[in-house]
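The analysis underlying the following values was restricted to heavy atoms, covering all of them including side chains, and did not include hydrogens, waters or symmetry mates.
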Amino acid sequence: MPVIRAISNVAKQALLAPACGCQPLTVTIRNISFSPRQVTSGSDASFHSVSFSETDHPKVLITGGLGQLGVGLAKLLRNRFGKNNVILSDIRKPPSNVFHSGPFIYSDILDYKNLREIVVNNRITWLVHYSALLSAVGEANVALARAVNITGLHNILDIAAEHGLRLFVPSTIGAFGPTSPRNPTPDLCVQRPRTIYGVSKVHAELMGEYYHHRYGLDFRCLRYPGIISADSQPGGGTTDYAVQIFHDAVKTGKFECNLKPDTRLPMMYIDDCLRATLEVMETPVESLSMRTYNINAMSFAPEELANEVQKQLPDLQVTYEIDSVRQAIADSWPMNFDDSNARNDWGWKHDYDLPELVQTMLNFIGSDSRIAQAN
């Protein structure tokens with residue numbers, strides 16, 4: 001680069017100058033780092049992800065850490081890498097159990113300077129970017145979804161590239177649209193979603209791949225199906241009915257579904273989802289044939305889920321009050337994911353099928369009294 005060449009020439013001239021009894025000239029060359037915000041020429045950009053020896057542990061930052069997945073992933077990663085090596089962040093006040101379980105800091109992904117300081121001051125090497133507005137919530141506030149899901153992503157990409165981080169950004173079944181093949185949906189096909197959430201996730205997939213090819217950023221992405229977990233409340237997603245049914249079944253014995261009974265969508269229990277995230281992050285780079293993978297475990301419709309729950313709780317009453325917005329979204333999404341590339345490239349394999357999912361959710365939520373009565 002011109003700056004380095006100029007300093008090099010000065011040093012060379014000093015070394016070749018006649019001896020004069022003067023003190024030798026010392027030239028200090030500082031390491032110069034670049035951000036994609038500063039780089040205009042391809043020849044000036046050279047970013048590489050951090051590689052870890054078997055004795056090293058990554059230092060992980062999780063954005064949007066108080067959502068459905070962040071707390072669970074932090075627990076998994078802390079068990080593996082150590083409590084202090086995983087930092088949860090969000091703009092909300094954490095509950096006391098989360099605050100005392102490990103490092104937590106305030107982080108606004110729209111504040112580029114603050115994000116940069118966090119990465120530098122904590123020597124972050126992995127970044128898991130969970131901050132996003134989900135499908136139904138995003139449609140209710142497109143401007144906010146655009147800011148969080150797109151502008152926030154740009155901040156994350158630039159900082160990850162500048163500091164050589166390994167970056168994980170989740171994608172979703174919502175990244176596909178009504179013209180995509182639905183049963184099954186392969187990794188590579190027409191996408192063209194019709195929600196701001198889906199559009200922002202396609203944008204994230206493509207920008208991540210672009211930064212990988214342009215700057216060498218170690219970008220990794222999984223398209224999550226609907227994720228079902230018992231220890232978090234539904235957060236505004238179209239697949240949230242599959243979480244709500246368990247809470248309602250235990251608390252009231254009545255559930256009103258906002259999707260049609262035959263609306264089939266791919267789903268996954270949270271433990272499988274978190275394990276897949278860790279596995280793809282730890283996979284050697286040479287094993288990855290692509291940067292964005294589908295992952296799947298099962299596909300079911302609301303009526304199938306309800307029938308399985310009623311095997312444990314026969315008195316559960318299920319009714320349907322269709323939400324036109326969520327139904328339109330679900331009708332544009334895949335019915336089943338083809339995740340053969342993930343299974344072939346890095347050995348992805350799910351553990352939970354539908355019966356195991358239902359039993360686990362009911363046990364976790366604390367349905368022992370109702371199940372005991374049913375039995």
*Just checking, is any N or O donor in the side chain of Y112 or D158 under 3.5 Å from an acceptor N or O on the other one?*
no

*Could you grab the distance from atom CD1 of I173 to atom OG1 of T239, nearest 0.5 Å is fine?*
6.0 Å

*Describe, in one word, how the ring planes of H154 and H203 are oriented to each other, choosing from parallel (under 30°), tilted (30 to 60°) and perpendicular (over 60°).*
tilted

*Among pairs that include at least one residue of residues 193-211, which meet salt bridge (charged side-chain N to carboxylate O under 4.0 Å, His left out), considering only residues two or more places apart or in two chains?*
E205-R223

_Euclidean distance, M268 CE relative to L274 CG, rounded to 0.5 Å_ = 10.0 Å

_Filter on ring-ring contact (aromatic ring centres under 6.0 Å, His included), then keep only pairs touching residues 315-339, sequence neighbours left out; what's left?_
F176-F337

_Contacts of type side-chain contact (heavy atoms from CB on, under 4.5 Å), residue E139, not counting sequence neighbours_ = T195, I196, I329

_Quick test of your reading: applying side-chain hydrogen bond (donor to acceptor under 3.5 Å, both in side chains), list the pairs with at least one residue in residues 256-267, sequence neighbours left out, ordered by first then second residue._
T263-Q327, R264-E304

*Only counting residues at least two apart or in another chain, list the ones meeting ring pair (Phe, Tyr, Trp, His ring centres under 6.0 Å) with F219.*
none

*With sequence neighbours excluded, residues passing side-chain contact (heavy atoms from CB on, under 4.5 Å) with S131*: T63, I109, H129

*Mind checking what makes salt bridge (Lys or Arg N to Asp or Glu O under 4.0 Å) contact with R146, not counting sequence neighbours?*
none

*Under 3.5 Å, is there a donor-acceptor pair between the D108 and N114 side chains?*
no

*Got a donor-acceptor contact below 3.5 angstrom from the S89 side chain to the I62 backbone?*
yes

*Hey, what's the ring geometry for F168 with Y224, parallel, tilted or perpendicular (30° and 60° as the breaks)?*
tilted

*asked:* Just checking R192: does its CZ atom have more than 12 heavy atoms from other residues, nucleotides or ligands closer to it than 6.0 angstrom?
replied: no

*Report, as yes or no, whether the 6.0 Å neighbourhood of atom CG on L110 holds more than 12 heavy atoms from other residues, nucleotides or ligands.*
yes

*Any chance you could measure N122, atom CG, to L61, atom CG, to the nearest 0.5 Å?*
7.5 Å

*Test salt bridge (Lys or Arg N to Asp or Glu O under 4.0 Å) applied to E279 - qualifying residues, sequence neighbours left out*: R275

_For D351, is there any backbone N or O sitting under 3.5 Å from a side-chain donor or acceptor partner on D272?_
yes

*Could you list all the salt bridge (charged side-chain N to carboxylate O under 4.0 Å, His left out) pairs where at least one residue sits in residues 289-302, not counting sequence neighbours?*
D218-R291

*Residue list, side-chain contact (heavy atoms from CB on, under 4.5 Å) with T360, at least two apart or on another chain*: Y269, Y352

*Any side-chain donor near an acceptor of the partner, R343 and H350, under 3.5 Å*: yes

_Show every ring-ring contact (aromatic ring centres under 6.0 Å, His included) that has at least one partner inside residues 83-103, sequence neighbours left out._
none

*Can you say whether the rings of Y241 and F300 are parallel (under 30°), tilted (30 to 60°) or perpendicular (over 60°)?*
perpendicular

*Who pairs with N307 by side-chain contact (heavy atoms from CB on, under 4.5 Å), at least two apart in sequence or on another chain?*
Q310

*Does any donor atom in the side chain of Q244 or D248 lie under 3.5 Å from an acceptor atom in the other side chain?*
yes

*Over 60° means perpendicular and under 30° means parallel, so classify the ring planes of Y211 and Y215, tilted if in between.*
perpendicular

